[in-house]
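Predicted model, so just to flag it, every value in this text is computed and none were measured.
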Amino acid sequence: MKALILVGGFGTRLRPLTLSFPKPLVDFANKPMILHQIEALKAIGVTEVVLAINYQPEVMLNFLKDFEEKLGIKITCSQETEPLGTAGPLALARDKLIDESGEPFFVLNSDVISEYPLKEMIEFHKSHGGEASIMVTKVDEPSKYGVVVTEEATGQVEKFVEKPKLFVGNKINAGIYLLNPSVLDRIELRPTSIEKEVFPKIAAEKKLYAMVLPGFWMDIGQPRDYITGLRLYLDSLKKRSSPKLASGTHIVGNVIVDETAKIGEGCLIGPDVAIGPGCIVEAGVRLSRCTVMRGARIKKHACISSSIIGWHSTVGQWARVENMTILGEDVHVCDEIYSNGGVVLPHKEIKSNILKPEIVM
């Protein structure tokens, strides 16, 4: 089987992290976002992954070469010269996706994190015999999204309602599809939307089916949702009694710590924290609801909550970093500094307090 991952553009909503790496290579729970998906695809027997990309394909491919060998899966790029939306890239990658087997192929949105029940999705797709299957997830506030209206018993999609004013349902498109090759005949090579142009036509012919995603789902394309996504991801590790979760007297709630990270005396870490490879957390540090990326250093008695600390950054002694502060790569927060929601571009030194959320260039 094959799969296409829609990687797309610049990841502007996750700046300043995406100023250093393309978004799919930004770490989430101690590994690049896109690797969560590639590993899930590999696990159910996908042999080739095509990345639809219009930005820095060299960086992506060089990086993924290592994983290609480690995982034993072929990874190629299909590069757009102009943004083609969510359906155009499928037409562009047509020759890579179609082979003589006639097997359906997966399409995934690269921002989505979930438990990826792909095996169940294949069974669902085979059982209904339609042309396309989409994964849907139930949300509390459907008015913010496009809602998928389905027939309860079979999952057959009746229609799509964009940001409904009145309640029509609470299932939204989760950005994971399984499509027969015939779907490619419906897509022209031009900027076009699979959600707005392609799926409604298939639904009108009663050939589109939706499966409700079990477990958690999050689009982690922006900082607040990234932090929420980390909580849901760690929660799901907990439910599965994963050995990846850290334990000890200094750990509260769900925490993952890379084996190469060092943690000092008298720290209190958690809930919902990821500490990456090579990080150094000195004595008496307090961390909660945050990500500390590869090579970062948190000095004595610093306190960090609801924030993202970028690669190789340092947070000084007695500093306090909170309220969606995002430090880009190689940012240095001096001792005793307070940051309330500062968004700091790479290679900066912060010598004075950031009292209200602002961008520091």
Side-chain angles (χ1 to χ4, degrees), residues 16-17 20-21 25-33 35-36 113 220 223 226-342 344 346 348-350:
L17 301 170
S20 302
F21 292 92
L25 301 185
V26 169
D27 298 292
F28 176 82
N30 290 355
K31 63 183 168 195
M33 278 185 200
L35 211 55
H36 291 273
I113 196 89
I220 54 173
Y226 176 105
I227 297 280
T228 303
L230 182 63
R231 175 174 61 79
L232 297 172
Y233 174 82
L234 294 175
D235 201 36
S236 120
L237 290 184
K238 174 82 174 166
K239 287 192 180 113
R240 290 179 284 171
S241 311
S242 168
K244 288 181 189 165
L245 289 172
S247 57
T249 50
H250 61 302
I251 301 286
V252 190
N254 301 330
V255 173
I256 48 173
V257 180
D258 187 88
E259 57 196 20
T260 60
K262 293 186 170 60
I263 294 180
E265 295 288 303
C267 292
L268 189 57
I269 294 171
D272 308 320
V273 172
I275 299 174
C279 290
I280 296 172
V281 178
E282 295 183 5
V285 164
R286 176 72 180 104
L287 303 176
S288 64
R289 295 181 304 283
C290 64
T291 287
V292 181
M293 292 187 181
R294 185 180 59 251
R297 184 182 201 112
I298 313 299
K299 295 189 178 171
K300 291 174 191 161
H301 308 293
C303 177
I304 301 173
S305 66
S306 302
S307 296
I308 301 175
I309 308 301
W311 308 272
H312 306 289
S313 290
T314 50
V315 174
Q317 298 185 34
W318 299 103
R320 187 178 181 101
V321 171
E322 62 187 28
N323 190 22
M324 288 296 143
T325 291
I326 318 274
L327 306 184
E329 181 184 18
D330 180 43
V331 166
H332 303 283
V333 175
C334 294
D335 294 353
E336 300 184 35
I337 289 292
Y338 172 59
S339 169
N340 171 20
V344 186
K348 284 291 290 183
E349 187 176 22
I350 301 296

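In this structure Glu349 satisfies the side-chain contact (heavy atoms from CB on, under 4.5 Å) test together with His332, Cys334, Lys351, sequence neighbours excluded. Under the rule for a side-chain contact (heavy atoms from CB on, under 4.5 Å), the partners of Ile263 that lie at least two apart in sequence or sit in another chain are His250, Val257, Cys267, Ile269, Ile275, Val281.
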Practice item. Starting from the C-alpha separation in whole Å, work towards a yes-or-no answer on salt bridge (charged side-chain N to carboxylate O under 4.0 Å, His left out) for Asp235 and Lys239. Key: CA-CA 6 Å; Asp235 201 36; Lys239 287 192 180 113; 3.4 Å; yes

Point to revise | side-chain hydrogen bond (donor to acceptor under 3.5 Å, both in side chains) assessment of Asn323 paired with Asn340 | key: CA-CA 6 Å; Asn323 190 22; Asn340 171 20; 2.7 Å; yes

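Val344 is listed as a side-chain neighbour of Ile350, based on a closest heavy-atom distance under 4.5 Å.
In this structure, Trp318 and His301 have parallel ring planes: the angle between them is below the 30° cut-off, well short of the 60° mark.
Between the side chains of Ser288 and Ser305, no donor-acceptor pair of N or O atoms lies under 3.5 Å. In this structure, a donor-acceptor pair under 3.5 Å is absent between the side chains of Asp258 and Asn30.
Interatomic distance, CD1 of Ile280 versus OG1 of Thr314, reported as 11.0 Å (0.5 Å rounding). Taking CZ of Phe21 as the reference point, atom CE of Met293 lies at 9.5 Å (rounded to 0.5 Å). A distance of 9.5 Å separates CD1 of Ile113 from OH of Tyr226, quoted to the nearest 0.5 Å. Once rounded to the nearest 0.5 Å, the distance linking CZ of Arg289 with CZ of Arg231 reads 10.0 Å. Summarising the geometry, atom CD belonging to Glu336 is positioned 13.5 Å from atom CZ belonging to Arg320; distances are rounded to the nearest 0.5 Å. Taking CG from Leu327 and NZ from Lys348, the interatomic distance works out to 12.5 Å, rounded to the nearest 0.5 Å.
Although no hydrogens or angles enter the test, the distance criterion places a donor-acceptor pair under 3.5 Å between the side chain of Thr260 and the main chain of Gly278. In this structure a side-chain-to-backbone donor-acceptor pair under 3.5 Å is missing from Thr291 to Ile309. At distances below 3.5 Å, not a single donor-acceptor pair connects side-chain atoms of Ser307 with backbone N or O atoms of Ile304. Judged by distance alone, the side chain of Ser339 and the main-chain N or O of Val321 form no donor-acceptor pair under 3.5 Å.
When every heavy atom of Gly310 is checked against every heavy atom of Ala296, the shortest pair comes out as O-CB, 4.0 Å. The minimum heavy-atom distance between Thr325 and Gly341, with the atom names listed, is OG1-N, 3.1 Å. Here the closest heavy-atom approach between residue Asp335 and residue Gly316 is recorded as OD1-CA, 3.3 Å. Between Lys244 and Tyr233 the shortest heavy-atom distance is NZ-OH, 4.0 Å.
Of the listed residues (Arg297, Lys262, Lys300), just one forms a side chain to side chain donor-acceptor pair (under 3.5 Å) with Glu282, and that residue is Arg297.
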